[in-house]
Amino acid sequence: MKKEEFLRILRKNLSVLEEGEIQDIVEEYEQHIDMKMKEGLTEEAAIKDFGDLQELTTGILEAYHVKADYKNEVKKNIDFGKVKEESKKATEKATDAIGKGAGALGKCTGFVCKKIGATGKWVRTGCKKLWQWITNPFTRLTETLRTNKEKVFGKGIFSKLWMFVLSVCGLIWRGTIWCVRFIWNVCWAFTGFCAGMGALASIFLFGTLIVLQNLNYPVLGIILFTVGFGLICGAITVFCFSILKRKKTTGNIENDTKNTHSKNDVETFQDEEERQNVHMKQRKSIWKKDMYEQDMQVEEMSAKLY
Amino acid sequence: MNPQFKKGVLELIVLKSVLNKDMYGYELVEEVSKVIDVNEGTIYPLLKRLTNEHYFETYLKESTEGPPRKYYHVTATGILYQNQLEEEWNEFSKRVGDFLKEKKK
């Protein structure tokens, strides 16, 4: 083996190291060979004294704490790179397909949401009609009582007392309704808040688990679970708060209808159902007013009695 | 000579050689070869390792013939390490010698 070849192979075997270090080592060996040749040895003999070239490079690399079989791993890495590229292409295709799929899914979801919304509206109208149907006899009764109270109750003290009892019952009924509504709202708000906290926690957990997954921990299953849990929590939160919002908006509408009614501006309501609603409110408010007047009368009566 | 024997003691011999006088690679190889018959190629990785572990430092010095030579110089940690190795070696060879003498009887 000639000196040039020896140095070339040495350089190639040490290619893991920094260029400066390789140069340093190669120069050292070159000098050594030159000096040997000056002493009268041939190139071949001087190089033979180094023994097996592979062992020599292994020894040098060990001095740098480098694995001597790193070359094989480099090859593996190159293969891995190819695989990576291929997989990259595959992922691009897959993301494209997923994008298209997501678009279709979005349209689908939009359609389904519209349908659900329509169903919700239908259910609400149904419930309102049912409530009206249930309460209609009572409202009619109160109507008739209001208009013909003197006929029904007469003019005696007993009739006044009877009216007083009825008004107390009305008060209790309204109080109960208010309590039930309040408890209902609080329950939904609490559930929504809890679910929202759950969703936030699962988002946080999702981020942490993604990092762990990148560190090669086997947490894919837990990630999927977290995503599912987060979605469920989010859905529950949205549901709860939408119900709360619904209540509030209907409340606003009631107020609005009262205001508009007081201005005699009923024509603005296009919906037959809403108009009916306004009529109901009108009746109710008149009824309430009437009850109040009755209460006052009863108080006056009792004051006179004593 | 058993190559395992050489391997262990080579570090001590190299350190001791450079301790007395700064040397360049080829000079050092010749010095070590006087004591033990060693593959010349193995000295250079050893020098590299001892330099990387800061027992040696190197500097270049012009020579009358050929390119400048890289000289090795022992650092303070190198001296301490050499003393430790020497003590260990003395202890070791004494024990082995005593053991062998005892068995001869």
(message) Show the nearest heavy-atom pair for residues A:Leu56 and B:Thr42, with the distance to one decimal.
(response)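 Scanning both residues completely, I find the closest heavy atoms to be CD1-N, 4.1 Å.
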(message) The criterion is ring pair (Phe, Tyr, Trp, His ring centres under 6.0 Å); which residues satisfy it with B:Phe92, sequence neighbours excluded?
(response)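 Scan of B:Phe92 (ring pair (Phe, Tyr, Trp, His ring centres under 6.0 Å), adjacent residues dropped) gives B:Trp89.
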(message) Using a 6.0 Å cut-off, check whether atom CG of B:Asn20 has over 12 heavy atoms from anything other than its own residue.
(response)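 For B:Asn20, atom CG is crowded (more than 12 foreign heavy atoms under 6.0 Å).
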(request) Pull out the residues in residues 45-52 of chain A that come under 4.5 Å of chain B, heavy atom to heavy atom, sorted by number. (result)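 Checking residues 45-52 of chain A against chain B gives A:Asp49, A:Phe50, A:Gly51.
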(request) Using heavy atoms and a sub-4.5 Å threshold, report which of residues 19-39 of chain A line up against chain B, by residue number. (result)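 Contacts with chain B: A:Glu21, A:Asp24, A:Ile25, A:Glu28, A:Tyr29, A:Gln31, A:His32, A:Met35, A:Lys36, A:Lys38, A:Glu39.
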(message) Among residues at least two apart in sequence or on other chains, which ones pass salt bridge (Lys or Arg N to Asp or Glu O under 4.0 Å) with B:Glu30?
(response)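 Applying salt bridge (Lys or Arg N to Asp or Glu O under 4.0 Å) to B:Glu30 gives none.
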(message) Within this structure, what is the CG-CD1 distance for the pair B:Leu46 and A:Ile60, rounded to the nearest 0.5 Å?
(response)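 It comes to 11.5 Å.
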(message) Within this structure, what is the NZ-CG distance for the pair B:Lys48 and A:Leu61, rounded to the nearest 0.5 Å?
(response)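 CG of A:Leu61 is found 12.0 Å from NZ of B:Lys48.
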